[in-house]
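Protein chains get the first letters and strands the later ones, always in sequence-line order, with residue 1 at the start of each.
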Amino acid sequence: MGCYCSTSKKTEAQGYEEPTVLASVTPCEYHDPSLNVTVSEVEALHELYKKLSNSIIEDGLIHREEFQLALFRNKNKKNLFADRIFDLFDLKRNGVIEFGEFVRSLGVFHPNAALEDKITFAFRLYDLRQTGFIEREELKEMVLALLHESDLELSDDMIETIVDKTFSDADINGDGRIDQDEWKAFVSKHPSLIKNMTLPYLKDITLAFPSFVTGTDIEESEM
Amino acid sequence: MKKVRRKIGKYEVGRTIGEGTFAKVKFARNSETGESVAIKVMAKTTILQHRMVEQIKREISIMKIVRHPNIVRLHEVLASQTKIYIILEFVMGGELYDKIVQLGKLSENESRHYFQQLIDAVDHCHRKGVYHRDLKPENLLLDAYGNLKVSDFGLSALTKQGADLLHTTCGTPNYVAPEVLSNRGYDGAAADVWSCGVILYVLMAGYLPFEEADLPTLYRRINAAEFVCPFWFSADTKSFIQKILDPNPKTRVKIEEIRKDPWFKKNYFPVKLGEDEQVNLDDVRAVFDDIEDQYVSERSEITEGGPLIMNAFEMIALSQGLNLSPLFDRHQDYVKRQTRFVSRKPAKVIISSIEAVAESMGLKVHSRNYKVRLEGVSANRVGQFAVVLEVFEVAPSLFMVDVRKATGDTFDYHKFYKNFCGKLGNIIWRPAGTMPNSNLRKQMTL
């Protein structure tokens with residue numbers, strides 16, 4: 001039957017999964033799904049998910065515009081990187097983020113998630129055309145996107161210099177693209193590359209929504 | 001980045017390699033000869049507080065007197081206004097104690113080799129009226145070639161004229177002679193011989209001959225020389241150690257007798273002593289008589305480094321699209337647009353321009369390592385605001401300056417940023433053609 005939530009008046013949206021099942025795939029200090037802290041984390045994420053998924057279209061699913069609204073307070077603000085994250089969160093590739101996808105994808109950003117998973121996620125993020133490599137043109141496109149976002153303009157020569165310098169450092173075998181092993185070595189040399197891959201909030205998320213946590217009524221027999 | 005190189009006189013100071021109650025020991029290098037040294041640093045105030053002036057003066061004088069290949073050498077003593085620096089030989093190989101802990105026990109030949117060097121060193125001290133009185137494996141160092149070096153004469157004392165018996169009990173119980181423990185007067189030479197015997201036992205056995213949980217039992221066993229040799233000790237070794245660990249100091253074997261013993265003489269190569277040179281104690285007297293004109297200079301040389309280098313992926317990581325924090329923090333201040341600019345001026349010029357403009361705007365400026373923090377009162381005078389700027393090198397001669405609001409109102413921040421960048425105009429790079437101003441275009445061409 002799942003957990004009864006006193007604050008919820010609607011049936012669960014399409015794609016709802018048992019918190020205990022999702023908790024077991026969410027990295028945290030305690031891997032026992034029966035522990036409250038784990039279930040509470042997933043419950044709190046569900047509360048967050050409901051806010052996001054109903055902010056524009058009340059269908060219980062996160063659409064791209066809702067994701068942009070949450071990040072930028074502007075549902076029409078386009079951003080190459082936010083689009084990439086949305087695409088990676090959308091595991092079923094059906095154009096929306098379901099709750100299960102949301103929890104599983106955010107798991108990579110948990111402070112306790114394996115470093116390997118963070119490195120892999122970042123690699124897939126920057127592999128814009130999903131070729132299995134970060135191509136030189138993809139890196140240039142991303143640099144241009146950052147400059148545009150910052151209202152900066154550099155000459156093409158300057159951009160080529162920046163990309164060349166980075167590629168000469170990262171592309172160990174000199175084949176003109178970065179593979180996953182080269183990426184792993186590069187991140188080891190520059191750990192700040194994956195600083196965005198950790199969200200401390202995920203450890204404290206039950207504090208962010210205290211009213212929901214106290215409202216949770218989990219039957220003892222279901223633990 | 002900036003690098004700080006500390007110098008004490010001619011010595012470039014590196015990392016801390018040891019720390020004790022009264023002194024810190026630092027690695028250093030003689031910038032004239034390239035020789036490695038260890039500098040024992042003591043604060044004058046600490047020495048005075050604990051009334052250690054005479055003891056330390058004595059220790060230093062002794063180390064200058066006893067010059068021997070198997071004794072850690074003291075090169076010189078220096079003083080500044082506040083500190084005393086003892087410049088010692090740097091011994092690379094660590095403590096003999098660590099080797100025993102690591103290996104469990106040493107072979108008879110290896111143990112004999114170290115024992116021979118130990119006896120040479122101790123004999124040399126005794127001939128000069130110096131007794132160590134705290135001999136234990138922790139005070140025995142090994143150099144890069146595996147040679148023994150005796151260190152730490154902290155408890156040594158020069159024999160007073162005619163007074164060959166001393167009444168000070170000191171040292172670590174497990175290695176201390178029975179007559180020392182009983183607090184009768186004792187012969188320093190005989191006490192050191194006993195300690196050497198305990199050390200030899202430890203080297204070959206891997207454990208102490210006298211070890212008890214309670215002190216009374218330990219003292220009783222030491223006084224009776226109640227110990228057992230392990231089965232792997234040869235008969236000659238047993239016999240040799242029993243002569244040394246004789247509880248009666250009068251009948252205990254002496255160093256000259258040790259030297260004649262067949263066990264000791266096996267594979268023994270007498271150490272070559274240098275010419276007994278005249279020892280100059282002028283530097284010791286200068287330090288302790290507080291002669292100010294001989295103070296050593298202490299200075300920190302700052303080697304200028306550049307700003308942090310930012311690669312393309314680190315630039316990309318600045319994107320707001322990669323920051324998922326807004327999903328969770330609904331009350332987070334939202335900065336509508338990223339604020340950063342690029343410049344082709346030298347990094348130092350960028351920093352000094354930022355500082356000058358900020359000061360002209362009445363802001364407080366804190367700069368360090370190509371990072372600047374600006375603080376001021378908001379335009380409407382309601383609250384404080386703070387801004388952090390950081391310079392990154394993204395390509396040779398191309399810098400990006402990241403500007404972030406640290407505290408304060410977002411609206412105030414954007415007004416500030418626009419005003420600030422307007423004043424910084426001459427260092428901010430924009431593509432040619434963006435500005436019609438001919439002066440600006442001329443600057444671009446440079």
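- Top candidate by heavy-atom pairs under 4.5 Å with chain B, chosen from A/Thr161, A/Val163, A/Asp169, A/Ile162, is A/Ile162.
- A donor-acceptor pair under 3.5 Å links the side-chain atoms of A/Glu149 to the main chain of B/Gln320, judged by distance alone.
- When A/Met158, A/Lys195, A/Arg84 are compared by the number of non-hydrogen pairs under 4.5 Å with chain B, A/Met158 comes out ahead.
- Options A/Asn196, A/Leu125, A/Ile159, A/Leu80 differ in how many heavy-atom pairs under 4.5 Å they form with chain B, and the most are formed by A/Asn196.
- At a 4.5 Å heavy-atom cutoff, the contact between A/Phe186 and chain B is made by side-chain atoms alone.
- Judged by distance alone, with hydrogens and angles left aside, the side-chain atoms of A/Thr166 form a donor-acceptor pair with the main-chain N or O of B/Ala312 at under 3.5 Å.
- A/Leu154 is listed as a side-chain neighbour of B/Leu398, based on a closest heavy-atom distance under 4.5 Å.
- Interface remark: A/Ile62 contributes no atoms to any contact with chain B (heavy atom separation under 4.5 Å).
- Side-chain contact between B/Leu322 and A/Asn79: absent, with no pair of heavy atoms (C-beta onward) separated by less than 4.5 Å.
- Ring geometry for B/Phe313 versus A/Trp183: interplanar angle over 60°, hence perpendicular rather than tilted (30 to 60°).
- Atom NE2 of A/His148 has 12 or fewer heavy atoms from other residues, nucleotides or ligands within 6.0 Å.
- Interface residue B/Met400: only side-chain heavy atoms are found under 4.5 Å from chain A.
- In this structure, chain B has a heavy atom under 4.5 Å from the side chain of A/Leu147, while its backbone stays farther away.
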